[in-house]
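Atoms within a ligand are numbered from 1 in the order they appear, just like the ligands themselves. Scope of the values below: all heavy atoms of this structure, side chains included, with no hydrogens, waters or symmetry mates.
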Amino acid sequence: MLRFAPSPTGDMHIGNLRAAIFNYILAKQRGERFLIRIEDTDVARNIAGSDKEILQILTLFGLLWDDLVYQSGNFPYHNQLAQKLIDNGKAFYCYCSKDFLESKKQEAIAAKQAFRYDDSWAEIEKDSGKSPVIRLRKSLEPITYHDSIKGELHFAPNELDSFVIMREDGVPTYNFACACDDMLYDISAIVRGEDHTSNTPKQILVHRALGYEKQIEYAHLPIILGESGKKMSKRDSASSVAWLLEQGFLPSAICNYLISMGNHTPYEIFSLEEAIAWFSLEKIAKAPVRFDLARLRFVNHAHLSRLSDSDLALLLESSDESMGKLARIYLEEASTLNELRDKISPIFSPKDISTLYEGQDFSQECAALEEALRTIAVNAPLEYESFKDQAMQASGLKGKGFFKALRILLTGASHGPDLSKLYAILRPHLREVVVCVGS
Ligand code: GLU
């Protein structure tokens, strides 16, 4: 079984979505189940509703799960397993207070040494009446594991001390809950962010202590850098999946882009289904990757172009296929749904002809043409050439003045795609489109 294990602590980051996509693909490639495990153990950091948002995003991206669990539902198992470790001597109670540990930390800093917990401290404060935490006994052996992206990773025994697996309130720590659940659900491979690289040896230690021998495959994805070259933080808006969707990027394009980041893919533009056929974790570069919004725009444009007219129309909340045709024309100059909306909505809004276009006043030409169009638009359908000839004649306009006025009346802009193409689509809607204000 593969799993994606988000914490319901806020807006979904693209790094998390990338991990979800990769785990999903591996599950499909291997014919294994895909589990979503909501890691809600850190009660103070949980944000109400964030789990639902994560599930909505996964659904929107087509990352459908076979099983869904909330980690807090497994607390009884975590407690049983911690008790088992106490019973077999692999874990022990520690009564140290925060103050005591802090003073030891300060001593280590003063001695210019790395702070490591010393097992002999466990019971020094036993009589204080404080509830103990449970710590897993440290390993005397080095821990080595193979990472599908980073290669062999080694951790010397002194890099890991006896770490807390159960807090004093009986709630498991992330590393313990995660390791127990990966064992309980028979997880075969784990793809997650690079920030977890140093958690993995701890989780392996938990498995060893529990006598669990299954070799799990690990892959830690390189961090995503913002356009500034620094780690992409929550403050970079493009790091939020919800923000990208709000900007009018398609899930299929975001997915395509996240799969191709720091990767060698056989095609530039592909669907999630297609990627299942050839995706390989081994091809992912070890180096951090920089988020490139211009590249995402390019990919999004390609995905929009692949859609049928009726799908384009639906995405623009219209059931009229001509809206899709219009969108296709405007793909000449737009790469996101929002940009398409920004181009298309002025077409169906009243045109303020008193506005200056490129610093020039076309109000007189527009007014003359609007009046002329009232006399001929009823004779539609006319082909563009005859429409244009008649409109020129009726308005007495010609050349630049005529064409600018026509474009402004049709689109609300003085620049844009070929007028004959636009006219062909707008012809049945001329009455709605040619509505002016400000004359
Ligand atoms: N809840 C952890 C996170 O969101 C899970 C990491 C993991 O996949 O183990 O970072």
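Taking every non-hydrogen atom of Cys178 and a distance limit under 4.0 Å, the qualifying atoms of ligand 1 come out as 9 (O). Close approach to Arg192 involves these atoms of ligand 1, each under 4.0 Å from a residue heavy atom: 7 (C), 8 (O), 9 (O). Listed by atom number, the atoms of ligand 1 under 4.0 Å from Glu39 heavy atoms are 1 (N), 2 (C), 5 (C).
If you run side chain to side chain contact (heavy atoms under 4.5 Å, CB included) between Met166 and each of Val171, Ile86, Asn79, Leu136, only Asn79 comes through.
Applying the salt bridge (Lys or Arg N to Asp or Glu O under 4.0 Å) test to every pair with at least one member in residues 241-254, sequence neighbours left out, gives no pairs at all.
Atom 5 (C) of ligand 1 has its closest protein heavy atom at Ala5 O, 3.0 Å. For atom 8 (O) of ligand 1, the nearest protein heavy atom (residue, atom name, distance) is Arg3 NH1, 2.6 Å.
Contact annotation: the side chain of Cys178 approaches that of Gln203 to within less than 4.5 Å [non-hydrogen atoms, C-beta and beyond].
Cation-pi geometry between Lys343 and Tyr330 is not met: the NZ or CZ atom fails to fall both under 6.0 Å from the ring centre and inside 45° of the normal. For the pair Arg135 and Phe163, the cation-pi criterion (under 6.0 Å, within 45° of the ring axis) is not fulfilled.
A donor-acceptor contact under 3.5 angstrom links the side chains of Ser322 and Asp320, judged on distance only.
Between Arg37 and ligand 1, no pair of N/O atoms sits closer than 3.5 Å.
Nearest to atom 3 (C) of ligand 1 by heavy atom, out of His196, Gln203, Gln71, is His196.
Proximity of Tyr174 to ligand 1 is established by a heavy-atom distance of less than 4.0 Å.
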